[in-house]
Amino acid sequence: MDPSLATLRGRRVLLTGHTGFKGGWLALWLRHLGADVVGIALPPPPGPSLHAAIGGDGLLDSRIADIGDAAAFDAALGDFDAEIVIHMAAQAIVRRSYAAPLETLQTNVVGTAVVLEAARRMPSLRAIVVVTSDKCYENNEWDWGYRESDPMGGADPYSASKGCTELIAAAYRRSYFSGPGTARLATARAGNVFGGGDWAVDRLVPDLARAAASGVPVSIRNPASIRPWQHVLEPLHGYLMLAAALLRDGDRHAGAWNFGPDPDGVVDVGTLAGLVRDHWGPGGPAMQLGDVAAGSLHEAQLLRLDTTKARTRLGWQPRLDLAASVRLTVDWYRAHAAGADMRDFSQRQLDAFAGGAPAHVTEPMGDLRQCA
């Protein structure tokens, strides 16, 4: 385990979005670190979820509320006095934001302000990590990666909501979390994540997992679109390192941070889909590569992140190459389909990741399929 994370043991943590995919993995990690965690989120949607698979209610003090409703959120929070706030709750699907723009803005923008207002009332608070997205940048489809100082933007409601979230966080940081004795606030921007336990609609890997389970071929949208793909544990490691760094030296680590893959993880959609299919082997997903249809909803064709700041100032770097990330992900879905104890299986994957050497951890994870 990363020794820098030892400072999180015994800390009181407020985690929003714990019933989601990334939030569920982070709840498991925080429990393993020995943190005292209260989670506030909406209930998971009907159907399979990571939260259900790992028994998420047993990992933390789970409370249900909509972050976009200030009264409901405050009632759920009660008098919990966190030392660390990690805000992850969000409407996270680009295509859904076209159908429900007001819901997206209410959750992602107003919800962030609701959480930060509650944070202002916590006397013991020392660190805030607000998780946004690589979609927050004004995307000019450049070949080079976006840096934390590049302007915010967004051609769709989801991307605009994440740019606005960054602006809200920056305003609260300057107005309320920069003076003597106050907490310090950082934002974290990650690329496209995947991993076991994601069943969201209109996401590539969950669509492939559903195709494998049903035997119905899936149509792959925009197969030539290039994305920075990374296993879910990679940015979560960054978020935890960032929280620990804020506790250690808040002034140095406040601000925005990118977390993205090595160059081998920046590939087009069709390539990643092919890797998933090939690793799955017999019984894997059948797929059809589509094109960008005329009149279809806008989705970025090229997006990269520059992670120099996180590598040089935090000491964070990816631990998995793309092939290892795909292998862990497919192994998780196959274990779930086989009826494995998924909390145990997920914890073993987390332990292997956390105990691996930096760069490309492959060998220490080689026996994980035996967990099923």
Side-chain angles (χ1 to χ4, degrees), residues 1-41 44 49-62 82-90 92 127-131 186 188 190 193-198 230-248 257 259 310 314-320 324-325 328-329 331-332 335-336 341-358 361 364-365 368 371:
M1 186 66 70
D2 186 335
S4 71
L5 303 186
T7 187
L8 302 180
R9 181 171 298 279
R11 297 286 188 177
R12 297 187 304 279
V13 180
L14 172 63
L15 171 63
T16 70
H18 67 284
T19 59
F21 166 53
K22 291 173 71 176
W25 277 103
L26 191 57
L28 186 67
W29 203 333
L30 285 166
R31 175 180 178 271
H32 184 65
L33 291 171
D36 175 14
V37 185
V38 166
I40 299 181
S49 68
L50 177 69
H51 183 75
I54 64 175
D57 285 339
L59 297 174
L60 74 177
D61 180 351
S62 178
E83 297 168 89
I84 302 167
V85 170
I86 303 177
H87 173 43
M88 298 183 67
I128 307 168
V129 177
V130 175
V131 176
V193 302
F194 63 92
D198 189 4
Q230 57 190 329
H231 191 274
V232 61
L233 295 178
E234 301 280 26
L236 296 186
H237 185 210
Y239 305 163
L240 292 174
M241 290 183 70
L242 184 54
L246 288 169
L247 293 177
R248 185 173 63 251
W257 299 81
F259 298 98
L314 269 184
W316 173 89
Q317 60 179 314
R319 295 186 169 203
L320 300 170
S325 298
L328 286 180
T329 301
D331 289 351
W332 195 100
H336 182 268
D341 178 337
M342 294 313 297
R343 181 187 288 187
D344 178 69
F345 189 90
S346 301
Q347 187 64 60
R348 288 173 183 253
Q349 287 200 334
L350 174 57
D351 289 346
F353 175 88
V361 177
M365 300 190 182
L368 288 174
C371 301

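No side-chain donor-acceptor contact under 3.5 Å links His51 and Thr19. Side-chain polar atoms of Ser346 and Trp25 form no donor-acceptor pair below 3.5 angstrom.
Atom-to-atom distance recorded for His237:NE2 and Asp2:CG is 4.0 Å, nearest 0.5 angstrom. To the nearest 0.5 Å, the span separating NE2 on His32 from CG on Leu8 amounts to 12.0 Å. Distance check: Trp316 CH2 to Ser4 OG gives 13.5 Å after rounding to the nearest 0.5 Å. Distance CG/Leu320 to CG/Leu233: 7.5 Å, rounded to 0.5 Å. Rounding to the nearest 0.5 Å gives a distance of 13.0 Å between CE of Met241 and CG of Leu236.
Across all non-hydrogen atoms, the minimal contact from Gly238 to Phe259 is CA-CE2, 3.5 Å. Taking both residues in full, the closest heavy atoms of Trp332 and Ala53 are given as CH2-CB, 4.0 Å, listed atom of the first, atom of the second, then distance. Residues Ser62 and His18 share a closest heavy-atom pair of OG-NE2, 2.7 Å. Nearest heavy atoms, Ala127 versus Leu246: CB-CB, 3.6 Å. Considering every non-hydrogen atom in both Ala190 and Lys22, the closest pair reads CB-NZ, 4.3 Å. When all heavy atoms are compared, the tightest approach of Gly55 to Arg343 is O-NH2, 2.7 Å.
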field: side chain to side chain contact (heavy atoms under 4.5 Å, CB included) evaluation trace for Leu240 with Leu33
entry: CA-CA 10 Å; Leu240 292 174; Leu33 291 171; 4.0 Å; yes

message: Test side chain to side chain contact (heavy atoms under 4.5 Å, CB included) on Phe345 and Ile54; report intermediate values, then the result.
response: CA-CA 9 Å; Phe345 189 90; Ile54 64 175; over 6 Å; no

- prompt: Stepwise, does the side chain to side chain contact (heavy atoms under 4.5 Å, CB included) test hold for Tyr239 with Met88?
  reply: CA-CA 10 Å; Tyr239 305 163; Met88 298 183 67; 4.2 Å; yes

field: Evaluation steps, side chain to side chain contact (heavy atoms under 4.5 Å, CB included), between Leu247 and Ile84
entry: CA-CA 9 Å; Leu247 293 177; Ile84 302 167; 3.8 Å; yes

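The side-chain heavy atoms of Trp29 and Leu5, taken from C-beta on, include a pair separated by under 4.5 Å. Residues Leu60 and Val38 fail the side-chain proximity criterion, which asks for heavy atoms closer than 4.5 Å. Under the 4.5 Å side-chain criterion, counting only non-hydrogen atoms from C-beta, Pro235 is in contact with Gln230. Counting only heavy atoms from C-beta outward, the side chains of His87 and Leu14 never approach each other to under 4.5 Å. Here the side chains of His231 and Thr329 are in contact, with some heavy-atom distance below 4.5 Å.
No option in Leu59, Leu26, Asp36 other than Leu59 meets the side-chain contact (heavy atoms from CB on, under 4.5 Å) test with Arg31. For the side-chain hydrogen bond (donor to acceptor under 3.5 Å, both in side chains) criterion with Asp351, the lone passing option out of Gln349, Arg348, Gln347 is Gln347.
Between the side chain of Thr16 and the main chain of Ile40, no donor-acceptor pair closer than 3.5 Å is present. A side-chain donor-acceptor contact under 3.5 Å links Arg319 to the backbone of Ala354. For the pair Arg12 (side chain) and Ala82 (backbone), a donor-acceptor distance under 3.5 Å is absent.
Residues satisfying the side chain to side chain contact (heavy atoms under 4.5 Å, CB included) criterion with Ala35, sequence neighbours excluded, are Val13, Leu30, Val37. Partners of Arg11 by salt bridge (charged side-chain N to carboxylate O under 4.0 Å, His left out), not counting sequence neighbours, listed by chain and number: Glu83.
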